[in-house]
Number of protein chains: 2
Amino acid sequence: MTQDGTLTAQTHTGVRGPQDCEVRDVLDRIGDKWSVLIMARLGGGPLRYSELRRVVDGISQRMLTVTLRGLERDGLITRTVIPTTPPRVDYALTEVGETLAGEVASLIRWAEANRPYVAASRAAFDATTP
Amino acid sequence: MTQDGTLTAQTHTGVRGPQDCEVRDVLDRIGDKWSVLIMARLGGGPLRYSELRRVVDGISQRMLTVTLRGLERDGLITRTVIPTTPPRVDYALTEVGETLAGEVASLIRWAEANRPYVAASRAAFDATTP
DNA sequence: CTGAATCCCACCCGATACTG
DNA sequence: CAGTATCGGGTGGGATTCAG
């Protein structure tokens, strides 16, 4: 078949068998656009609900709550209620969450760095494809 | 990843301000589960259409084509037609695509390493949440 | 302030059938 | 072999409303 030589080095994870599905449910968390943005923001330190809502830019109240629940369920963030009036809830990365946030940050850095290239590629592609 | 403690910081380090949306369309490529898997596979070297179809495990013909087009449009993969009989089409990462594949590989490694933790977290969460 | 619940529609994506 | 075209169910997710 093809030269698998390149993947022997470090990208052995690049090749998996039918057990893709097992990893997928973890990756699906990344697949969710809101999760990555939230993780990224929490990488800068704990934030409360309303702060996240302001800072995540464009997220609906519903999706914020739903996404936070999902992240909490996966053990990536913690949710601490501070019983004051008005109530206050802080969200913070867990230790494992921090490691994922690192990956996410790296990903975002990539996206920022290559956004011009991608935009140009799209323009070029669209130009030659009526 | 810096932690500047002060939650009031609008000037975050590492993460964006309200212009999340600009980065998002790039991240959305990552958000797509098929794109991630395809990038990962191509990280091991060029593959042809039918090979991808076999190896990506569960992808429909339609989604394979659509996803490949998207990746090509973004300048992340190349599509080279070899006019033989029967026809043959090879897909390979571009140079920029390689760098993204590296990120993706890192992400998949994370997912594999932390899958047990996530699974346990979910089980625990579901147990304490009727 | 921090959610939960409901409605509802656009769009994603899988299945199927057809072509060069 | 490598696609394209079409149809249709399922669902993600936005808007809105109510509650603690």
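No hydrogens, no waters, no symmetry mates; every other heavy atom, side chains included, goes into these values. By convention in this document, chain letters (A, B, ...) are assigned in the order of the sequence lines, proteins followed by strands, and residues within each chain are numbered from 1.
- Between the CD1 atom of B:I82 and the P atom of D:dG3 there is a distance of 11 Å, given to the nearest Å.
- Side-chain nitrogen and oxygen atoms of A:R69 include at least one within less than 4.0 Å of the OP1 or OP2 phosphate oxygen of C:dA4.
- Closest non-hydrogen pair, B:D28 versus A:K33, comes out as OD1-CB, 4.0 Å.
- B:R88 has its CZ atom 11 Å from the C1' atom of D:dC1, to the nearest Å.
- Separating the CZ atom of A:R53 from the C1' atom of D:dG14 is a distance of 13 Å, rounded to the nearest angstrom.
- Taking the nucleotide of DNA chain D with the nearest heavy atom to each of B:Y91 and A:P87, the more 5' of the two is matched to B:Y91.
- Atom CG in A:D32 sits roughly 14 Å away from atom C1' in C:dC12 (whole-Å rounding).
- Residue A:I77 comes nearest to A:L93 through the heavy atom pair CG2-CD2, 4.0 Å, listed as atom of the first residue, atom of the second, then distance.
- Here the C1' atom of nucleotide C:dA5 and the CG atom of A:L64 are 16 Å apart, to the nearest Å.
- Checking the phosphate oxygens (OP1, OP2) of D:dA2, a side-chain nitrogen or oxygen of B:R48 falls inside 4.0 Å.
- Closest approach of B:D74 and B:R29 over heavy atoms only: OD2-NE, 2.7 Å.
- Of the two residues contacting DNA chain C, namely A:P86 and A:T65, the nearest-nucleotide position lying further toward the 5' end is that of A:P86.
- The nearest whole Å value for the distance from the NZ atom in B:K33 to the C1' atom in D:dT11 is 12 Å.
- Among the atoms of the strands shown, only primed sugar atoms or phosphate atoms (P, OP1, OP2) are found under 4.0 Å from some heavy atom of A:S50.
- Comparing atom distances between the A:V89 side chain and each of C:dT2, D:dG3, D:dG13 picks out C:dT2 as nearest.
- Summarising the geometry, the separation between CE on B:M63 and P on C:dC12 is reported as 9 Å, rounded to the nearest angstrom.
- Taking every side-chain heavy atom of B:R62 into account, C:dG14 is the closest of D:dG14, C:dG14, D:dA2.
- Per the geometry, CG belonging to B:L68 stands 14 Å off C1' belonging to D:dT4, to the nearest Å.
- Residue-to-nucleotide contacts include a donor-acceptor pair under 3.5 Å from the side chain of A:Q61 to the base of C:dG3.
- Using a cut-off of 4.0 Å between Lys/Arg side-chain N and Asp/Glu carboxylate O, A:R73 and B:D126 are scored as salt-bridged.
- In this structure, B:R79 reaches the D:dG3 phosphate: one of its side-chain N or O atoms is under 4.0 Å from OP1 or OP2.
- Hydrophobic clustering places B:L27 together with A:Y117 (ILVMFWY residues linked when any side-chain heavy atoms are closer than 4.5 Å, directly or through intermediates).
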